[in-house]
Amino acid sequence: MMKPVMLLFAALGAAAPAMADGGWQPLFNGRDLSGWEQVGPGKFVLEDGVLKSTGGMGMLWFTPRKIGNSTIRVVYKTAGKEANSGVFIRVPEKPTEPWMPVNRGYEVQIDDAVDDNHVTGVLYSLTKAMARPGKPGEWNVMEITLDGPRTVVVVNGDKVTDYTEGQPVPPKVQTSEPDRGPRPAEGYIGLQNHSDKDVVYFKEVSVRPLALAAGASAASSAVGRLDEERTEAMVKGDLATLDRLLGDDLSYVHSSTKVDTKASFIENLRSGASKYKGFQREESSTRLFGDSAVNTGVATVSVENQGQPPATFKIRYTNVWVRRGGKWQMVAWQATRLPAP
């Protein structure tokens, strides 16, 4: 049993360098504050590779460039439900004091103890939360998409904000709320340190241009279609298509733990030792990692082996595709038979 598992992870290992980024560029390296500067009182300290806010009100901002037409991913954890912080976006100029980003950029709020216009994921006091998915005391994933004049904020997979410049906003009520008015398509970003009692931790700040995200989505869809073409070819006995879609270094681990190479797999189909009668997907998902992709899912398979009556069973599978010379090929497959209902 060890050998099939090792073969699959050897194929996954080929994808490891690309898996580290997946199109995401880290802005915080986890080692020091390279590329970041503090403005205003307080600071961020580094503890075990994580940024911790202390004092305030200030902001740690990313200095090398403005960011637009991108998705910013922030992984953070609050010390408690009432901890207050935020992620600043669309700041038009390099900040010299902490209130300029409030009034001229947008603060994507982090605070789970307040009303829907000031809660985690909204543009502070400007938009109303579509959901409240923040998890105090746990690691949260916030993704902020800047798409021209549109800002979309998703927290833990739930959309909280979808705002486009020019849409109506509530009037300014408190002096701490931002001035109203348009913001630029791109700007500097920053992390807020609010006060000594508002402790928030950040362990990732990354960015991915929208063009890369769109390309990744298209490539993932293409791999999904190729995998459907592959299973259709198995059922039809279309060996020419399989020869094109399977890599010469294929490791094919059946749910029985039998391991085939590309040559032995195709030969079993050619000789009739194996005949696939059906392959029906119930779940399917593809994740792209540079020039590698991992496809996972659940399917019902019907197969006839060595002239025995067809056996029908359900499997959970993982397969790995690699792009070589602009062409995708499957290089690893592993299936686990699921218990009958």
Side-chain angles (χ1 to χ4, degrees), residues 1-16 19 216-289 291-324 327-341:
M1 189 65 180
M2 180 62 68
K3 183 177 179 182
V5 173
M6 292 301 292
L7 286 170
L8 176 62
F9 278 91
L12 283 170
M19 192 179 299
S217 177
S220 295
S221 297
V223 170
R225 290 192 297 270
L226 287 174
D227 201 55
E228 291 177 0
E229 184 179 357
R230 176 189 63 84
T231 53
E232 289 175 4
M234 287 165 46
V235 174
K236 294 178 180 178
D238 183 351
L239 304 186
T241 295
L242 289 174
D243 183 60
R244 171 172 57 85
L245 295 178
L246 301 180
D248 291 339
D249 50 352
L250 172 71
S251 171
Y252 196 103
V253 185
H254 298 264
S255 60
S256 64
T257 75
K258 176 189 174 184
V259 182
D260 269 319
T261 63
K262 174 181 177 177
S264 62
F265 182 76
I266 290 179
E267 179 56 32
N268 285 336
L269 295 176
R270 178 182 287 111
S271 67
S274 296
K275 295 180 181 179
Y276 285 88
K277 301 297 185 179
F279 190 102
Q280 184 64 45
R281 283 177 177 78
E282 298 178 22
E283 300 175 17
S284 181
S285 176
T286 304
R287 297 175 63 200
L288 190 72
F289 304 104
D291 284 333
S292 300
V294 178
N295 176 261
T296 58
V298 173
T300 298
V301 181
S302 181
V303 60
E304 176 185 307
N305 285 312
Q306 304 297 331
Q308 298 297 314
T312 300
F313 48 89
K314 185 177 291 188
I315 60 170
R316 183 174 296 278
Y317 64 85
T318 299
N319 58 37
V320 181
W321 291 73
V322 176
R323 180 163 48 194
R324 297 162 171 161
K327 181 174 68 173
W328 287 99
Q329 288 188 313
M330 193 180 85
V331 297
W333 165 275
Q334 184 159 357
T336 300
R337 190 174 301 199
L338 298 177

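Heavy-atom basis, side chains included; hydrogens, waters and symmetry copies ignored.
At least one side-chain heavy atom of Glu283 sits less than 4.5 Å from a side-chain heavy atom of Arg316. The shortest side-chain heavy-atom distance between Trp321 and Ser292 does not fall under the 4.5 Å cut-off. The shortest side-chain heavy-atom distance between Ser285 and Asn295 does not fall under the 4.5 Å cut-off. Side-chain contact between Val259 and Ser251 is present, with at least one heavy-atom pair separated by less than 4.5 Å. Inter-residue side-chain proximity for Leu246 and Arg230 is flagged as met; some heavy-atom pair is nearer than 4.5 Å. Side-chain contact check for Leu269 versus Leu239: some heavy-atom pair is nearer than 4.5 Å. Within the 4.5 Å cutoff, no side-chain heavy atoms of Tyr252 are placed close to those of Thr261. With a 4.5 Å cut-off on side-chain heavy atoms, Asn268 and Asp260 count as touching.
A salt bridge between Glu267 and Arg270 is present, with a side-chain N of the basic residue lying under 4.0 Å from a carboxylate O of the acidic one. In this structure, Glu282 pairs ionically with Lys314, as a charged nitrogen and a carboxylate oxygen lie closer than 4.0 Å. Using a 4.0 Å cut-off between a side-chain N of Lys or Arg and a carboxylate O of Asp or Glu, Lys262 and Asp249 do not qualify as a salt bridge.
Crowding of Arg287 atom CZ: a count of heavy atoms from other residues, nucleotides or ligands under 6.0 Å not exceeding 12. The number of heavy atoms from other shown groups lying within 6.0 Å of CD (Gln280) does not exceed 12. Under a cut-off of 6.0 angstrom, the local environment of NZ in Lys236 is sparse, with at most 12 non-hydrogen atoms contributed by other residues, nucleotides or ligands.
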Checking Met330 against Val320 for the side-chain contact (heavy atoms from CB on, under 4.5 Å) test, could you report, in this order, the C-alpha distance in whole Å, the side-chain angles of both residues, the deciding distance, and whether it holds? CA-CA 6 Å; Met330 193 180 85; Val320 181; over 6 Å; no

Would Val294 and Thr286 count as a side-chain contact (heavy atoms from CB on, under 4.5 Å) here? Give the steps. CA-CA 6 Å; Val294 178; Thr286 304; over 6 Å; no

Test log, rule side-chain contact (heavy atoms from CB on, under 4.5 Å), inputs Leu245 and Leu226: CA-CA 8 Å; Leu245 295 178; Leu226 287 174; 3.8 Å; yes

Audit row: Val301, Tyr276, side-chain contact (heavy atoms from CB on, under 4.5 Å) steps and yes/no: CA-CA 8 Å; Val301 181; Tyr276 285 88; 4.0 Å; yes

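Checking Arg337 against Ser256 by side-chain atom types alone, no donor-acceptor pair falls below 3.5 Å.
Using cut-offs of 30° and 60° on the angle between ring planes, the pair Trp333 and Tyr317 is parallel.
In plain terms, the two heavy atoms of Asn305 and Ser274 that are nearest each other are OD1-OG, 3.0 Å. Shortest non-hydrogen contact noted between Leu242 and Phe265 is CD1-CE2, 4.4 Å. The minimum heavy-atom distance linking Asp227 with Arg281 is given by the pair OD2-NH2, 2.5 Å. Heavy-atom minimum distance, Trp328 versus Asp291: CZ3-O, 3.7 Å. Shown here for Arg244 and Gln329, the closest heavy-atom pair between the two residues is O-NE2, 3.1 Å. When all heavy atoms are compared, the tightest approach of Leu250 to Ala332 is CD1-N, 3.8 Å.
For the atom pair CD1 (Ile315) and OG (Ser255), the distance works out to 6.5 Å, reported to the nearest 0.5 Å. Taken from NE2 in His254 to OG1 in Thr257, the straight-line distance is 10.0 Å, to the nearest 0.5 Å. The distance from the CZ atom of Arg323 to the CG atom of Leu288 is 6.5 Å, given to the nearest 0.5 Å.
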